[in-house]
Amino acid sequence: MEKRSGLRLCHFGTARRRRWWGLRRRWIYIYITFTFTWRMLGLFKINQEHDFCSLTCLMKEGLHAALQTSNDTTIPDKLSAEHYKLAETQVHKDLEMQTFAGPVFASLRRSLDITEEEYQRSLSSDGCYLQFISNSKSKADFFLTNDKRFFLKTQKTREVTFFLSNLKAYMDHLEKYPHSLMVRFLGLYSIQIPNKTKKYFIVMQNVFYPDERINTRYDIKGCEVGRWTDPASTGSPVTKILKDNNFEGKNIILDQQRSWLVEQVEIDSAFLRSLNVLDYSILLAHQPLHQDEQDRKHSFSNLTMRTAKSMDQDSPTEEDPPAIPLLEGDSARLASDTIDSGSNHIQNTGEHSGHGIPLQEINLHSVNRTDAELHEFHAHHRRLLPNLKNSVHVIDGPKLRYFVGIVDFFTVYGVKKMQENLWKSLRFPGRAFSTVSPATYSQRFCQWVKDHTK
């Protein structure tokens, strides 16, 4: 009897040791994987050997079918409450795809001159998605379309619920301020694969598009605690997102565009404060303007085209053909005013052209705009957009082209964040950390932009 008892104790001890060693090996594996992934930052092609190959292939398959249905459906001119509540499900052999508020996002894509065909082509092309691994603390998975135009980001259920409940307010804000810096979300979906957890993901514009000449990127929150990232070594293929403390001693040089940027950030952050959110960021990057890009600023046709682009809200239809820059009557005077040395505004400000000049500072009567249109322009705080696909996120200074967008505004200041604020107040007395009330966060966020722009 004693012998059997001893065997049972020995067996119990052995089993416990096995479990302990099993847990230890698991944690070692997690640590090594995390460390390796953290070092391997950047863009990675999702080929057949990649862990996400199966998931992204099914996402592309589901999106292609969902957007084919969207292509065959007329986008409503006016959105109703039902459009915001709409959830359409498509069942396929290996997946179930759900599209949320489809007409709403289709309407937003149309307002950005993104056709349904090019949106579908980008999201479901034969080319592989790219996985973007950053040094962000977010646990979301990021994918980039092969042409790098759109990001796909996985979302938590509570984030999806929050966004859908505030989608109408988001759309109203973008309608009132069509040149807002807030990132444009272009679609919200879920994918259910058999025997797998349902995944929600959102499609958004890539703020840094096109990125061929960008080599430094920043994520700015307006605080200091935990806001430093060791830069990648020179020539390294690693893509690191630098932070606030990395930007110290630098400035965003915009000249005449500065006042517009400061005011738009205040408008956008006031909206986010009304949603009771915090932890949002400004994504920021820049690249030198080539000489030909600077010379193009002198082009009258380029100026008038961009003026029309910046003033017109709705996408053209067959009944309403694309607006062509007016080249008659008073517009000839605009040509001489903007190109010749006699332009009072240009001479007084030191700018060489309308490129980079806030639209409200141009004599828009000279492009035959009515008083009602001019009043609408002022009310909606517009600027002179560059003639680019990603124009709302691009601002040109005298020498540099800046890419600017406000992202990550799904964190609500609830009980958990209030407790975190209390803990950080004790942990970092007198220092600026990210978890503060929405009012404090907004004020500090705007102050950072004021302090770092010229």
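Quick caveat: nothing in here was measured; it's all calculated off a predicted structure.
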| query | Is the gap between the ring centers of Phe163 and Phe100 under 6.0 Å? | reply | no

| task | Please confirm whether Tyr280 and Phe445 have ring centers closer than 6.0 angstrom. | result | yes

| Main-chain N/O of Leu289 paired with Lys399 side-chain donor or acceptor, under 3.5 Å | no

| query | Would you say Arg217's side chain and Leu283's backbone share a donor-acceptor pair under 3.5 angstrom? | reply | no

| said: So does Phe162 get a backbone contact from the side chain of Ser165, meaning a donor-acceptor N/O pair under 3.5 Å? | reply: yes

| Taking atom types as modelled and ignoring hydrogens, do the side chains of Ser124 and Lys60 form a donor-acceptor contact shorter than 3.5 angstrom? | no

| said: Would the distance check show the side chain of Asn276 and the main-chain N or O of Val412 forming a donor-acceptor pair, the cut-off being under 3.5 Å? | reply: no

| field | Salt-bridge criterion met for Asp77 and Arg110 (N-O under 4.0 Å) | value | yes

| said: Under a 3.5 Å distance rule, please check whether Tyr129 uses its side chain to pair with a backbone N or O of Cys53 as donor and acceptor. | reply: no

| query | Using 30° and 60° as the class limits, which term best fits the ring planes of Phe132 and Phe151: parallel, tilted or perpendicular? | reply | perpendicular

| said: Are His179 and His381 packed together at the side-chain level, in the sense that at least one heavy-atom pair is separated by less than 4.5 angstrom? | reply: no

| query | Do Tyr84 and Met171 come within less than 4.5 Å of each other through their side chains, counting heavy atoms only? | reply | yes

| request: Measure the NZ-OG distance between Lys78 and Ser107 for me, rounded to the nearest 0.5 Å. | output: 12.5 Å

| message | Which heavy atom of Tyr218 sits nearest to which heavy atom of Lys243, and what is that distance? | response | CD2-O, 3.9 Å

| field | Separation of Asn166 CG from Asp172 CG (nearest 0.5 Å) | value | 11.0 Å

| query | Between the main-chain N or O of Ala81 and the side-chain N or O of Lys168, is there a donor-acceptor pair closer than 3.5 Å? | reply | no

| Minimum heavy-atom separation for Pro103 to Leu86, with atom names? | CD-CD2, 3.6 Å

| Main-chain N/O of Cys223 paired to Arg431 side chain as donor or acceptor, under 3.5 Å | no

| query | Does any N or O in the side chain of Asp244 come within less than 3.5 Å of the main-chain N or O of Arg227, such that one atom is a donor and the other an acceptor? | reply | no

| Only one of Ile282, Val392, Leu261, Val207 clears side-chain contact (heavy atoms from CB on, under 4.5 Å) with Leu181; which? | Leu261

| Just by distance, do the side chain of Tyr402 and the backbone of Ile253 share a donor-acceptor pair under 3.5 Å? | yes

| query | If you look at every heavy atom in Lys148 and Asn206, which pair is closest and at what distance? | reply | O-ND2, 2.8 Å

| request: Could you tell me whether Asp396 and Arg401 make a salt bridge, using a distance below 4.0 angstrom between a side-chain N and a carboxylate O? | output: yes

| request: Could you tell me whether a side-chain N or O of Arg184 sits under 3.5 Å from a main-chain N or O of Met182, the two making a donor and an acceptor? | output: yes

| field | Student check: side-chain heavy atoms of Val203 and Phe105 closer than 4.5 Å | value | no

| Among all residues two or more places apart in sequence or in another chain, which pass the salt bridge (Lys or Arg N to Asp or Glu O under 4.0 Å) test with Asp268? | none

| Below 4.5 Å, heavy atoms only, C-beta onward: do Lys417 and Asn421 meet side chain to side chain? | no

| task | In plain terms, say whether Lys424 and Glu420 are close enough for a salt bridge, that is, a side-chain N and a carboxylate O under 4.0 Å apart. | result | yes

| task | Kindly compute the distance separating CG (Leu58) from NZ (Lys93), expressed to the nearest 0.5 Å. | result | 11.5 Å

| query | Got a sec: does the CZ of Arg213 have more than 12 other heavy atoms crowding it under 6.0 Å? | reply | yes

| query | Can you tell if the side chain of His173 reaches within under 4.5 Å of the side chain of Ile267, non-hydrogen atoms only? | reply | yes

| message | Using side-chain heavy atoms (C-beta onward) and a distance below 4.5 Å, is Lys156 in contact with Tyr200? | response | no

| Partner residues of Asp147 under the salt bridge (Lys or Arg N to Asp or Glu O under 4.0 Å) criterion, sequence neighbours left out | none

| Which atoms form the tightest heavy-atom contact between Ala140 and Lys153, and what is the distance? | CB-CE, 3.7 Å

| request: Would you tell me whether Glu175 and His380 have side-chain atoms, one donor and one acceptor, within less than 3.5 Å of each other? | output: no

| task | Establish, yes or no, whether a centroid distance under 6.0 Å links the rings of Phe409 and Phe185. | result | yes

| task | Would you kindly say whether Thr69 and Gln90 are connected by a side-chain donor-acceptor distance under 3.5 Å? | result | yes

| field | Residues which pass side-chain hydrogen bond (donor to acceptor under 3.5 Å, both in side chains) with Glu61, listed by chain and number, not counting sequence neighbours | value | none

